[in-house]
Amino acid sequence: MKKKYIGFIFLLFVLILGAVTLFSSLYTVKPNEYVSVSRFSKIVHTEDEAGLHFKIPFVDETITFPKTTILYDIPPSEVFTKDKKNMTVDCYLLWEIKDPLTFYQTLGTTGAAEDRLNVITYNALKKLMGTLTQDDIINTNDGAERNEIYEGITSEVSDVAKQYGIEVSDVKIKRFDLPTENENAVYERMISERNQMAQEYIAKGDLAASLIRNETDKTVNTTVSNAEAEAAAIEAEGEQEYMRLLAEAFNTQDKRDFYEFTLALDAIKATLTGDNKTVVIPANSKLGQILLGNYKSDSQTESN
């Protein structure tokens, strides 16, 4: 009975030992990570295929590294421009582990990697900013022009980071900050530039308006002059036609006498205004003779 009990305990121990050994020989790889197998502190294998994998139990250890792209927000740093102006640069970068073995041998952890990337990026920024003036950075030009700055920094940081098994896919500058003592000077310069541009636009507008007014005045004067000349010509034609018609209307002595009679009546009518209706006309005048019935025209006199 005692032997059976000992045998049962031994069997249970073997089963437990086998289960522990089995579980120690298995490890899981997720889709978003690398798993490196370390044997006596030396990586012997790296697995990036998701699933269940085997290792030597109690001897091999696993080290996990992220396989995804990591966003690292770099702390702001101060740099000097070509014209010796101090500026604070705030940027971030995107990086990922491409060679887990090299990464483990040179850095080991993501924290150490970010510290190293911070130094590399600062050196790249310092070098690049030393070739640019403050006016090259702070201006109203198209923001796409700054892509050349980003591409240059990204290329330099990525080249240095490759020796650590890291690939840097992008470096972006979030903002450039000016020291307080420089802000007013920059703002005043920008205001002066805007005022200068405004004056240029106003001057161009005034010149264009002056040209338009001159052309309009020229057109108006030409049109009025032509219209006055045409009106004078029409008026002259009308006067000529009037004289012709008048000559035709009074081409005989009787017609002329009748015309003079109507003119005399019009004259009398014009003088009879107000309450005074008395008109003194000499008897020997043509008008008096006409009114008295004694008037004889020149043609009648000649016939007599």
Side-chain angles (χ1 to χ4, degrees), residues 15-79 88-130 146-177:
L15 291 175
I16 294 174
L17 180 61
V20 171
T21 302
L22 177 63
F23 284 112
S24 298
S25 64
L26 298 175
Y27 66 94
T28 303
V29 178
K30 297 179 181 178
N32 61 345
E33 65 182 12
Y34 298 104
V35 176
S36 296
V37 178
S38 173
R39 185 176 302 156
F40 305 116
S41 300
K42 182 179 180 181
I43 293 180
V44 295
H45 176 67
T46 299
E47 185 63 59
D48 61 353
E49 184 177 352
L52 193 63
H53 301 273
F54 294 92
K55 62 182 180 63
I56 299 175
F58 309 114
V59 177
D60 293 344
E61 297 180 354
T62 57
I63 304 173
T64 302
F65 301 106
K67 190 179 180 180
T68 57
T69 300
I70 302 172
L71 170 65
Y72 175 42
D73 192 359
I74 301 176
S77 57
E78 293 187 356
V79 294
T88 301
V89 183
D90 188 7
C91 61
Y92 69 89
L93 58 81
L94 300 176
W95 68 280
E96 60 181 310
I97 299 172
K98 285 297 185 179
D99 186 348
L101 177 59
T102 303
F103 179 82
Y104 176 75
Q105 292 173 343
T106 55
L107 298 172
T109 64
T110 56
E114 290 181 344
D115 290 340
R116 179 63 61 181
L117 289 171
N118 190 4
V119 174
I120 296 172
T121 305
Y122 173 75
N123 291 334
L125 284 171
K126 183 179 179 181
K127 179 180 178 182
L128 178 64
M129 297 292 285
R146 296 182 177 86
N147 289 336
E148 296 181 2
I149 299 177
Y150 301 147
E151 292 172 359
I153 297 174
T154 301
S155 177
E156 185 167 348
V157 173
S158 181
D159 289 342
V160 178
K162 287 180 180 178
Q163 61 183 308
Y164 303 107
I166 295 173
E167 180 181 281
V168 176
S169 57
D170 196 11
V171 178
K172 283 289 189 295
I173 297 174
K174 294 191 291 184
R175 60 180 296 167
F176 289 103
D177 287 331

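Residue numbers run from 1 in the order of the sequence given.
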How would you list, by chain and number, every residue that makes a ring pair (Phe, Tyr, Trp, His ring centres under 6.0 Å) with Phe103, sequence neighbours excluded?
Phe65
Scan for salt bridge (Lys or Arg N to Asp or Glu O under 4.0 Å) pairs involving residues 111-126, sequence neighbours excluded, and state none if there are none.
none
Kindly give the heavy-atom pair with the smallest separation between Pro76 and Thr88, and that separation in Å.
CB-CG2, 3.9 Å
CG-CD1 distance between Leu93 and Ile153, expressed to the nearest 0.5 angstrom:
10.5 Å
From Leu125 CG over to Ser77 OG, what is the distance, rounded to the nearest 0.5 angstrom?
6.0 Å
Report the distance from atom NZ of Lys127 to atom OH of Tyr122, rounding to the nearest 0.5 Å.
15.0 Å
For residues 158-173, which side-chain donor-acceptor pairs fall under 3.5 Å, sequence neighbours excluded?
from	atom 1	to	atom 2	distance (Å)
Gln163	NE2	Val160	O	3.1
Ser169	OG	Leu94	O	3.3
Asp170	OD1	Lys172	NZ	3.0
Asp170	OD2	Lys172	NZ	2.9

For Lys174, give me all partners under side-chain hydrogen bond (donor to acceptor under 3.5 Å, both in side chains), at least two apart in sequence or on another chain.
Asp73
State, with a plain yes or no, whether a side-chain heavy atom of Leu71 is found less than 4.5 Å away from one of Tyr92.
yes
Expected output: side-chain Thr121 to main-chain Leu117 donor-acceptor under 3.5 Å:
yes
I'd like to know whether Trp95 forms a side-chain contact (heavy atoms from CB on, under 4.5 Å) with Thr110, so could you lay out the CA-CA distance, the side-chain angles of the two residues, the decisive distance to 0.1 Å, and finally the verdict.
CA-CA 11 Å; Trp95 68 280; Thr110 56; 4.2 Å; yes
Name all residues meeting the side-chain contact (heavy atoms from CB on, under 4.5 Å) criterion together with Pro75; count only those two or more places apart in sequence or in a different chain, and write none if there are none.
Tyr72, Asn118
Not counting sequence neighbours, which residues clear side-chain hydrogen bond (donor to acceptor under 3.5 Å, both in side chains) with Glu96? List them please.
none
Residues at least two apart in sequence or cross-chain that pass side-chain hydrogen bond (donor to acceptor under 3.5 Å, both in side chains) with Thr69, listed by chain then number, are none
Only counting residues at least two apart or in another chain, list the ones meeting side-chain contact (heavy atoms from CB on, under 4.5 Å) with Thr64.
Glu33, Val35
